[in-house]
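Worksheet for the structure shown next.
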Amino acid sequence: MASGKRGLRVVGKALRKVDATAKVTGTTKFADDLFLPRMLYAKLLRSPHAHARIVSIDPSPAAALAGVKAVLTGKDLPIRFGILPVSQDEHALALDKVRFVGDPVAAVAATSEEAAAAALAHIAVRYEPLRPVTDALDALAHPEPRIHDYGDLGNLHKLIHLEFGDVEESFRDADLVREDTFFFEGSTHLPMEQHAAVADWSADGKLTLWSSTQTPHYVHRALAQVLELSPARIRVIACPNGGGFGGKSDPFSHEIVAAKLAMVTGRPVKITLTREEVFYCHRGRHPTLMWVKTGVKKDGAITGMHFKSLLDGGGYGSYGVASTYYTGALQTVTYHVPRYKFQGARAFTNKPPCGPKRGHGTPQPRFALEVHLDKIAEQLGLDPAELRLRHLVPPDSLTANWLRVGTMGLGRCIEKVVGGSGWKDKFRKLPTGKGIGLACSSYITGAGLPIYWNAMPHSGVQLKCDRGGGVTAFCGSTEIGQGSDSILAAIVAEVLGIDPLDVAVVTGDTDLTPVDLGSYSSRVTLMTGNAAVQAAERAREIIARHAAAKLDVSVERVAFAEGRVFDVERPERGLTFADAVQLAEAAGGTVGTVGSYTPPPSPGKYRGAGVGPSPAYSYSACVAEVDVDPATGIVRVPKIWIAHDVGRAINAASVMGQIEGSVYMGLGEALMEEMAYRGNRNVVHKIPSLLEYKSPTTLEMCDVVTYVVEDPDPNGPFGAKECGQGPLLPVPPAVANAVYDAVGVRVDEVPITPEKVFKALRRKEKGEAGRFGPTAFPDIAWPEPIRVPPPWEGGDGRAVARGKEQRAARAARD
Amino acid sequence: MPDSKTKIALDVNGESVEVAFAPHKTLLEVLREDLSLTGTKHGCELGECGTCTVLVDGTAVLSCLVLGLACAGRRVKTVEGLATGGQLHPLQDAFAELGAAQCGYCTPAFLLAAEALLARNPRPDRDDIKRALSGNLCRCTGYIKIYEAVELAAARMRGEPAEPARETLYGIR
Ligand code: FES
Ligand code: FES
């Protein structure tokens, strides 16, 4: 789409981010840094039960306390909400039932945080405990009592069955058919900033909410719905997030409660979650049990793949339906899979809800697939790097499940990490205890479809050119540390030939900025970027027209660079950018433009085709080196080589930061991070604290060698694709494969803790299979499949009836 | 119950200040709530994350674990005191240059912990840096740009002309 390859002056450079100075001087205002006059503090009372009916609540003793200004319970906020239209299953405060330990039940606003916290003890709640559902298998075994009164079957929230061609037939055509079972433990985002929100209600009926949210537009919609206010009277301001990683992408109870308390009291209200409460908000990685069966030819060519996943969803829907689809969507975009079948199920359980964490639903199947392929390569006697290189999905092609792959830099990524790590001299050649492993992955650059159905753009940018030469860019995008404000400024600056620091960015404010759907699904650089290109090119056109008349040259000869607008053929003839804006403003009035972006329509037309399509897919390859102590099972990772196909880097330093940060988070998931539960039937969080939730410190973090592969994608601004999530994905399987190379045991489960490695080693010593991991996938009453013939079997992207599909397949073969 | 307040005098970022606060308040709370110095952050208020690190008499401490009262007569330095006369401290400059501050929430704490390190060891190696910063969590950066920024700033503070390696900013192409 964007302005091709002419000499780029800003794009591609490692420039300081526009907010770097504010960040290093501590002047960035996060939500909890806001203090308004007369501000009250709110606290939430949370359920001590995993699953219980609320028999009665009496808030009156708390309401009578000194300093307490208001108390709310479920009946004050009876309207349901939820991020997905199909899962409107949350109440800001539980109405009749609690569904996990930590589910909010009541709220207090008081003159100090201490007074609000103390008042919680004076709210009398009587519960009638119900049998809690502890995990996905338990949900399957116990359809009753139901956690929710909706869902596909008992305590199964969602069941998916998709079939792209006859996989059973493809297995018969294979030289080797292999089945494996894997488990990926749940983990959480753990942003350093605890969620916070400040609400203000003005007597003219206007509500303002400042919040650490990644998705102000969706919070805006949820507030309007639950509070029954016109969206035109609600302003949501996303403060810069102190880390998000997906954990601040849902509209949350505390945001709605703060807003309601501000309305009730007529005073500003702040709520800041404690670290313990952040663990209850969660929406992190779904614990996922997986089974995969793949047929391959002798050379490793896949003939067909059947993948099943069972997700432990926790107490509410959140993004879970999308997460479930994502566990089956991207298996096909790395290596050619001619036939593919996916069955996915999500269970409701009585634990904090799971949702989108960096990689959203795809790190789990990627782990399974990449370890599975490592085993297949070994069985076929092939080098795992070679096997992958031979069967890459070609660029500009469709997959069996109708995803359109554009640019595809995975081959170059593999070559980089294989060359850089000395793979050929190390694989299966290192001394016992040392190992090396490889894995690859792909991720979407923005979801192709919005969360709620609408035909409007996914991102909008508005530009105002000032007579002084400054330009203001307005966009709903949300800065969560990934650098979106800087990308916006860089792209506008590039097109208009000015310094990015001369671009003021106003972002994430529903009163001031056009809608951008939010900082999730790695969508912002591509979508906001394309909208910014369009807005800036329109401004350039206006300015160029007037400059051309002044310089007496044709418009085509007008160039923009270094703060000047000039004649390309005689560059000394020109104007300053400010003078050029003034000319345009004098002639035509205020120079302002808009730009917007809507992703291309996706080729898949079947039910479920909405999850997986993206304007562009990023690719990563990773090699991990490990040291395993056979006596203790302790795994150390000294070094990781990572190569990432980013299309084009807009800000090179930001790309490096995103890749290194992704490797870090992947390493944490590979080795230690887990949402662990204990106590009463394993539904009480195992000490919800930063100390007990193990995450890598400087002492565990590995060295990282980063290769940036640029293969500009025509759908990205200046060719850019995502880099903030994809590079996490190959890390856990690369580590698992390296552990096998080091000590010859398979840990088919993350995190790869010492205990699991130790157990697998002891089993191997005893002559049993040297493996730790799940052994079976349960029987599930799957619905009839949605059958969609792959593109090469005569399909058109739509589902067909059984007979028709077979006829189409036969016709394509004959 | 209106808390009775206690008043103390201390030095904050080179200025003497008097401040009155409820005696149970931590230094973190006094800084943020009573002195409006919100540059100091918190991630747990239990001494687990390092996000609230400030310097007291030149030593890095967790301000969520120190009572405000214990700081009477002491010298406290926060991120607001790092830059002088509109000029960034070399650590701040290097963090900005390398992108070592992503979300920036952990950054004030890392800057102060690093400053304490460089004050006692102007030539730290990578392991010294890792050890000195091991009590500070960062979820964004993977720490790598932070190490590189501390090394860059340390070199510049020693008066050596130092520039980041191309691979630091651009990776291997
Ligand atoms: S706030 Fe976490 S250590 Fe002080
Ligand atoms: S920069 Fe975000 S936590 Fe460190």
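From a predicted model like this one, the values you see are computed outputs, not experimental measurements. Letters go in sequence order (proteins before strands), and every chain restarts at 1.
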Checking heavy atoms, do the side chain of [X], its backbone, both or neither come under 4.5 Å from chain A?
| X | answer |
| --- | --- |
| B/K41 | side chain |
| B/L82 | neither |
| B/L137 | both |
| B/Y170 | both |
| B/D93 | both |
| B/H42 | both |
| B/T141 | backbone |
| B/T168 | backbone |

Heavy atoms only, distances under 4.5 angstrom: which of [options] has the most pairs with chain A? Name it, please.
| options | answer |
| --- | --- |
| B/E80, B/E167, B/R32 | B/R32 |
| B/L88, B/I172, B/T51, B/T38 | B/I172 |
| B/P108, B/G39, B/C140 | B/C140 |
| B/E33, B/K130, B/R131 | B/K130 |
| B/C106, B/C138, B/G99 | B/C138 |
| B/A83, B/G43, B/G104, B/S36 | B/G43 |

Interchain contact, [X] with chain B, by part (heavy-atom threshold 4.5 Å):
| X | value |
| --- | --- |
| A/V278 | neither |
| A/H189 | backbone |
| A/T28 | backbone |
| A/M665 | side chain |
| A/S662 | neither |
| A/F35 | side chain |
| A/V709 | neither |

Taking only Lys NZ, Arg NE, NH1 and NH2, and the carboxylate oxygens of Asp or Glu, determine whether [X] and [Y] approach each other closer than 4.0 Å.
| X | Y | answer |
| --- | --- | --- |
| B/R74 | B/D57 | yes |
| B/E151 | B/R126 | yes |
| A/R275 | B/E45 | no |
| B/R173 | A/E710 | yes |
| A/R412 | A/E415 | no |
| A/E114 | B/K25 | no |

Could you check whether any side-chain N or O of [X] sits under 3.5 Å from a backbone N or O of [Y], counting only pairs where one atom can act as donor and the other as acceptor?
| X | Y | result |
| --- | --- | --- |
| B/T26 | B/L65 | no |
| A/K357 | A/T188 | yes |
| A/H195 | A/G247 | yes |
| A/R358 | A/G724 | yes |
| A/Q658 | A/V655 | no |
| A/E660 | B/I144 | no |
| A/Q214 | A/T478 | no |
| B/S63 | B/C52 | yes |

Considering only heavy atoms and a distance below 4.5 Å, find which of [options] pairs most often with chain B.
| options | value |
| --- | --- |
| A/E673, A/E700, A/E479 | A/E673 |
| A/L699, A/I480, A/T27 | A/L699 |
| A/K29, A/K13, A/Q482, A/E276 | A/K13 |
| A/D32, A/T706, A/D33 | A/D33 |
| A/A652, A/G243, A/A20 | A/A652 |
| A/N241, A/L190, A/I659 | A/L190 |

(request) Determine the interplanar angle of the B/Y105 and A/F30 rings, folded into 0 to 90°, and report it as parallel if under 30°, tilted if 30 to 60°, perpendicular if over 60°. (result)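 Rings of B/Y105 and A/F30: perpendicular, as their planes differ by over 60°.
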
(request) Check A/R16, A/K17, A/K23 against A/D19 for a side-chain hydrogen bond (donor to acceptor under 3.5 Å, both in side chains) and give me the one that passes. (result)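 Exactly one pass, corresponding to A/K23.
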
